[in-house]
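Heads up: the structure comes next, in structure tokens.
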Number of protein chains: 2
Amino acid sequence: MSTEPVWPGELFADLDRSGPIPLYFQISSRLERAIRDGIIPAGARLENEIAIGQHLGLSRPTVRRAIQELVDKGLLVRRRGIGTQVVQARVSRPVELTSLQEDLTRAGHHPSTRVLSLDRIPADEEAAQRLRVAAGTEITRIRRLRSADGTPMAILENLLPPEYADITRDDLETHGLYEMLRARGISIKIANQTIGARRTHSDEHELLDLAKGSPVLTMDRVAFDQGGSVIEAGHHCYRPDLYSFETTLVSR
Amino acid sequence: MSTEPVWPGELFADLDRSGPIPLYFQISSRLERAIRDGIIPAGARLENEIAIGQHLGLSRPTVRRAIQELVDKGLLVRRRGIGTQVVQARVSRPVELTSLQEDLTRAGHHPSTRVLSLDRIPADEEAAQRLRVAAGTEITRIRRLRSADGTPMAILENLLPPEYADITRDDLETHGLYEMLRARGISIKIANQTIGARRTHSDEHELLDLAKGSPVLTMDRVAFDQGGSVIEAGHHCYRPDLYSFETTLVSR
DNA sequence: CCGCTGCATTTGTCCTAACAATAGCACGAA
DNA sequence: TTCGTGCTATTGTTAGGACAAATGCAGCGG
């Protein structure tokens, strides 16, 4: 099929060998862009790892690690004895640890948020269990309506443990919840998500501009920091005609 | 919090240094089981990488790679200057490249499958695009009803390219589609999935024992082999009260 | 008491080196 | 022709070493 291996060496002319950005990351990110932009076409075979290393003045492990990053993302496929190829399949962006706000902005839409409610309430049994606090603890409950270009897309309900009691409506309307947490130095390491479906409840159909009892796509998430403390527990519901979750799975 | 690092060395007494199973994999799988079984408790700190290597007679890169596997799965967290810890969060099984059949069996249920239809039809515009074949090509269409312990759970519609035209109803009822493809030496490398929700169509509510027009959870998938050829395109719909998708996300 | 400096610990990155395992191909024997 | 054998190319695994960067802590000075 393919004969000549390719290597667009000119893309890697300006590697920063002294800066703080790891070399393997500089390579993998440049390579990813080249593949996504079609500069390296689907199905093309890359040069072998040692030759790439010689072009760039790098060792094989470093090159190998850069390639591994893209294999994990599903952009490249390696086969022993054969080489490394760009996958033919169009890969979609995986479900990542980003917020809906950021997803939409990146897609070129104009997201807006209306804070429906923001209260401090004692945790009931279920909320206490999800946030890993004692029942009755004062927690913060947020309910927001997220729209894109004026069309309502999702209702976001989030529960926060007591230590984030001082957030304001303004923060939420302008910056998004995750962005705000990051600004406080809180970084999310792990999140467990469950995706499902159900009918609309109570006032949800009005907010989302749907018929009463129509289906919504739901996502429940509990997010943890590196120490294992719960940062946030959310229950979101999305208009299924406007939103879906995409994943790319790679076997190993 | 934690003071003494732990290392249950007795779990690693029988490493097979000559067999075909990589050492890093032997370590990571034993370690994973120890964590999931609670032998190493949540929050425990592991010994540092060099010390572990000395216990096992292995080099640091090998130990490091084993640990990395579990970090990617969300079971461990590493911090520079601190060490490696077992995460506090309970991790759920991620969405993997396995079939529903296997998921259910592993969960201790008794799955059964009824083949509703199995035909060869000319590909319409949409099917042709998903399978990357010319419109009008003869393809195989399968429609199955999957139940667990007698309760209907999902309707599975799959399209197969022309080369798999010789499968039989028996194959599908006893072995499951993916198991059957594997038996032919077909291995799936990459799959793109989209998860969404909609109302039931036509006869779906009867098959799934739901009210007419109730919500279903949907999953569309296109699976590719290592060469980028399409193996299968599926549209599945699930009873949302019995099925959901779980994911664990790890930031990097 | 508070803050700063320096040290020890630990993971993060990068290097060189070697051998194993697999796939494809050319070539030769039956 | 056809099958197998061996060669070559390429990735997979493992080793061992070096330095960088981040974290926590003890000790010191203000």
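Since the structure is predicted, the reported quantities are computational estimates derived from the model, not experimental observations. In the text below, chain A, chain B and the rest are named by the order of the sequence lines, each starting its count at 1.
Regarding Ile21(B), its CD1 atom lies at a distance of 13 Å from the P atom of dA21(C), rounded to whole Å. What separates CZ of Arg17(B) from P of dC19(C) is a distance of 17 Å, to the nearest Å. Between the CG atom of Asp16(A) and the C1' atom of dT13(C) there is a distance of 14 Å, given to the nearest Å. The CG-C1' distance, from Leu23(B) to dG16(D), rounds to 16 Å in whole Å. If you measure from atom CD1 of Ile50(B) to atom P of dG12(C), you get 12 Å, rounded to the nearest angstrom. One interatomic measurement links the two molecules: CD of Gln54(B) to P of dA15(D), which rounds to 13 Å at whole-angstrom precision. Taking atom CD of Glu47(A) as the reference point, atom P of dA9(D) lies 14 Å away to the nearest angstrom. One can place CG of Leu56(A) at 14 Å from C1' of dC14(C), the figure rounded to the nearest angstrom.
If you check every strand for non-hydrogen atoms under 4.0 Å, Ser59(A) touches a base.
Contact check, Tyr24(B) against dT14(D): no side-chain N or O comes under 4.0 Å of OP1 or OP2. Residue Thr62(A) places no side-chain N or O under 4.0 Å from the OP1 or OP2 atom of dT13(C). In terms of phosphate contacts, Thr84(B) brings no side-chain nitrogen or oxygen within less than 4.0 Å of OP1 or OP2 of dT10(C).
In this structure, Arg169(B) does not pair ionically with Glu173(B), as no charged nitrogen and carboxylate oxygen lie closer than 4.0 Å.
Closest approach of Ala127(A) to Leu159(A), counting heavy atoms only: CB-CD1, 3.7 Å.
Interatomic distance, CD1 of Ile35(B) versus CG of Leu76(B), reported as 4.5 Å (0.5 Å rounding).
More than 12 non-hydrogen atoms from other residues, nucleotides or ligands lie less than 6.0 angstrom from CD of Gln68(A). The environment of Glu138(B) atom CD is dense: over 12 non-hydrogen atoms of other residues, nucleotides or ligands sit within 6.0 angstrom. Remark: Glu163(B) CD is packed, more than 12 non-hydrogen atoms of other residues, nucleotides or ligands lying under 6.0 Å away.
With sequence neighbours excluded, the residues forming a side chain to side chain contact (heavy atoms under 4.5 Å, CB included) with Arg60(B) are Glu49(B), Ile50(B), Arg64(B), listed by chain and number.
Summary of the strand contacts: Pro61(B) and Arg78(A) both lie near DNA chain D, and taking for each the nucleotide with the nearest heavy atom, the more 5' one is attributed to Arg78(A).
Non-hydrogen atoms lying under 4.0 Å from DNA chain D are contributed by Arg64(A), all within residues 63-72 of chain A.
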Item checked: nucleotides 18-27 of chain D: protein proximity per nucleotide (B base, S sugar-phosphate only, - neither; heavy atom, under 4.0 Å) -> B--BBBS---

Check: Hey, mind stepping through Arg146(A) and Thr113(A) against side-chain hydrogen bond (donor to acceptor under 3.5 Å, both in side chains) and telling me if it holds?
Finding: CA-CA 5 Å; Arg146(A) 179 66 49 84; Thr113(A) 305; 2.8 Å; yes

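Contact of the Ile27(B) side chain with the Leu58(B) side chain is registered, since non-hydrogen atoms from C-beta on lie closer than 4.5 Å.
The listed nucleotides are dT10(C), dT11(D), dC15(C); the one nearest the side chain of Arg45(B) is dT10(C).
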